[in-house]
**Q** 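Okay, here's the structure, questions in a sec.
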Protein chains: 2
Amino acid sequence: MKSLEETDALLKEANLKLTPTRRRILKVFRKYPFALSYNDINDSVKEKLDKVTIYRTLKTFEEKGIIHQVLDTSSQVKYALCNSSCSKHEHQDAHIHFKCTSCHQTYCIEDREIPSVPLPKGFTEVHSSMLVEGICKDCNELALL
Amino acid sequence: MKSLEETDALLKEANLKLTPTRRRILKVFRKYPFALSYNDINDSVKEKLDKVTIYRTLKTFEEKGIIHQVLDTSSQVKYALCNSSCSKHEHQDAHIHFKCTSCHQTYCIEDREIPSVPLPKGFTEVHSSMLVEGICKDCNELALL
DNA sequence: TTATATTTGCAACTTAGTTGCATTTAATAA
DNA sequence: TTATTAAATGCAACTAAGTTGCAAATATAA
Ligand SMILES: [Mn+2]
Ligand SMILES: [Mn+2]
Ligand SMILES: [Zn+2]
Ligand SMILES: [Zn+2]
């Protein structure tokens, strides 16, 4: 199975042990094209995992540059897979995120950079994030039927 | 006192009763130039108010267009005073927000509009928000001393 | 002044996430 | 192949943010 190998390679690169739990959680991220919360993962994983283990795995993956937090209006933190340019040293997620107000999923729009805005005198920028809300492709297509 | 009158006028316009609690909470918003969380308000108000009352007041003020939620990376929701163009029907907060990574305060940058980004085919935008992180004016000036 | 809808406070609850600690296990070395 | 050990997992108990139901208090209008 190709994707299992890729998943394992990701973990190896991050110097993480190849555990069933980590493989399962990564598999869930690969399955969905949008950002996932603790609850999403807990619901999608067949063999029940402990809450603490899921939260700790998410934190570890984030630290190692495998996933990144996605700013969102929901009350749970959501994470999405990083692209290969993210490392344990720096997250390279300068892309916008899109939250669908219909299906409530949040997508990384990897090929849309966050525009920079000139700030008032005295303020200096380090990093920006941008969340666009609206209707996603799938929901727009469903509405046409 | 001028600002008390202004505060009362705001409440009147919103069809809200002029209660001591509401006047106190609004006064706190007028005192600080940045967005406030429940905790900020709870700490700044001299006569202790019930937690539930504070949360309910914030919700009421938001519904009436007096304050707006500010997207933030902290774990508490923060609110800032709306400018006069916000109404109970629509919040008009298309400006960017700036979060200082040194003092952790979040400012409305009212005169900087959120730039629009063309979305991939199929996605339609309804609303965007943008959070710029960096060092605020006060913190930058302190660093120069 | 009284009547009434609104607001407030208290207690109990929920939801998201964390901490400490004992047990298990993946990876490495003998 | 087995033993060693640092890392990972699970359980229980906890914290922090926010909510709900209900009874008591109060701002406003008659
Ligand atoms: Mn992303
Ligand atoms: Mn604002
Ligand atoms: Zn959608
Ligand atoms: Zn600052």
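Since the model is a prediction, treat every value here as computed from it, not as a measurement. Throughout, a chain's letter reflects where its sequence line sits, starting with A, and its residues are numbered from 1.
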**Q** Report the distance from atom CZ of A/R22 to atom P of C/dT24, rounded to the nearest whole Å.
**A** 19 Å

**Q** Start at the 5' end of DNA chain D and walk down; is the nucleotide closest to B/L18 or to B/N39 reached first?
**A**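 By nearest-heavy-atom nucleotide position, the 5'-most residue is B/N39.
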
**Q** If I take atom CG in residue B/L49 and atom P in nucleotide C/dC10, what distance separates them, rounded to the nearest angstrom?
**A** 11 Å

**Q** Nearest whole Å is fine: how far is C/dA16 P from A/K59 NZ?
**A** 17 Å

**Q** Does a side-chain N or O from B/T19 land closer than 4.0 Å to OP1 or OP2 of C/dT7, or not?
**A**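 Checking B/T19 against C/dT7: no side-chain N or O falls below 4.0 Å of OP1 or OP2.
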
**Q** Are A/Y55 and C/dG17 close enough that a side-chain N or O sits under 4.0 Å from OP1 or OP2?
**A**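 For A/Y55, the contact criterion (side-chain N or O under 4.0 Å from OP1 or OP2 of C/dG17) is met.
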
**Q** Could you check A/K12 against B/T60 and say which one's nearest nucleotide on DNA chain C is further toward the 5' end?
**A** B/T60

**Q** Rounded to the nearest 0.5 Å, how far does OG1 of A/T106 lie from CG of A/L71?
**A**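 One gets 9.5 Å once the value is rounded to the nearest 0.5 Å.
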
**Q** Does B/S75 or B/V52 map to a spot on DNA chain D nearer the 5' end, using the closest nucleotide for each?
**A** B/S75

**Q** Rounded to whole Å, how long is the line connecting atom CD of B/Q76 with atom P of D/dG18?
**A**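 Rounded to the whole Å, the gap is 6 Å.
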
**Q** Between A/E6 and A/R30, does at least one N-O distance fall below 4.0 Å, as a salt bridge requires?
**A**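 Counted as a salt bridge, because a side-chain N and a carboxylate O are separated by less than 4.0 Å.
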
**Q** For a quick check, tell me whether the side chain of B/R56 and the base of C/dG9 share a donor-acceptor pair closer than 3.5 Å.
**A**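 By the distance-only test, yes, there is a pair.
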
**Q** Can you check the A/D50 CG to C/dA16 P distance for me, whole Å?
**A**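 Those two atoms, CG and P, are 16 Å apart.
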
**Q** Calculate the interatomic distance between B/L16 atom CG and C/dT8 atom C1'; express it in whole Å.
**A** 14 Å

**Q** Compare side-chain N and O positions of A/K17 against OP1 and OP2 of C/dT28 and report whether any pair is under 4.0 Å apart.
**A**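 For C/dT28, neither OP1 nor OP2 has a side-chain N or O of A/K17 closer than 4.0 Å.
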
**Q** Can you check the B/D43 CG to D/dA17 P distance for me, whole Å?
**A**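 That distance rounds to 11 Å.
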
**Q** Quick one: is C/dA11 close enough that its OP1 or OP2 comes under 4.0 Å of any side-chain N or O from B/K51?
**A**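 Looking at the OP1 and OP2 atoms of C/dA11, neither is under 4.0 Å from any side-chain N or O of B/K51.
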
**Q** Taking the six-membered ring for Trp and the full ring for Phe, Tyr or His, determine whether the centres of B/F123 and A/F98 are under 6.0 Å apart.
**A** yes

**Q** Counting only heavy atoms not in A/E110, do more than 12 sit closer than 6.0 Å to its CD atom?
**A**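 Above 12, so yes.
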
**Q** Carefully, step by step, assess A/D72 and A/S74 under the rule side-chain hydrogen bond (donor to acceptor under 3.5 Å, both in side chains).
**A** CA-CA 6 Å; A/D72 190 87; A/S74 90; 3.2 Å; yes

**Q** When the distance from CZ of B/R23 to C1' of C/dT7 is rounded to whole Å, what number comes out?
**A** 14 Å

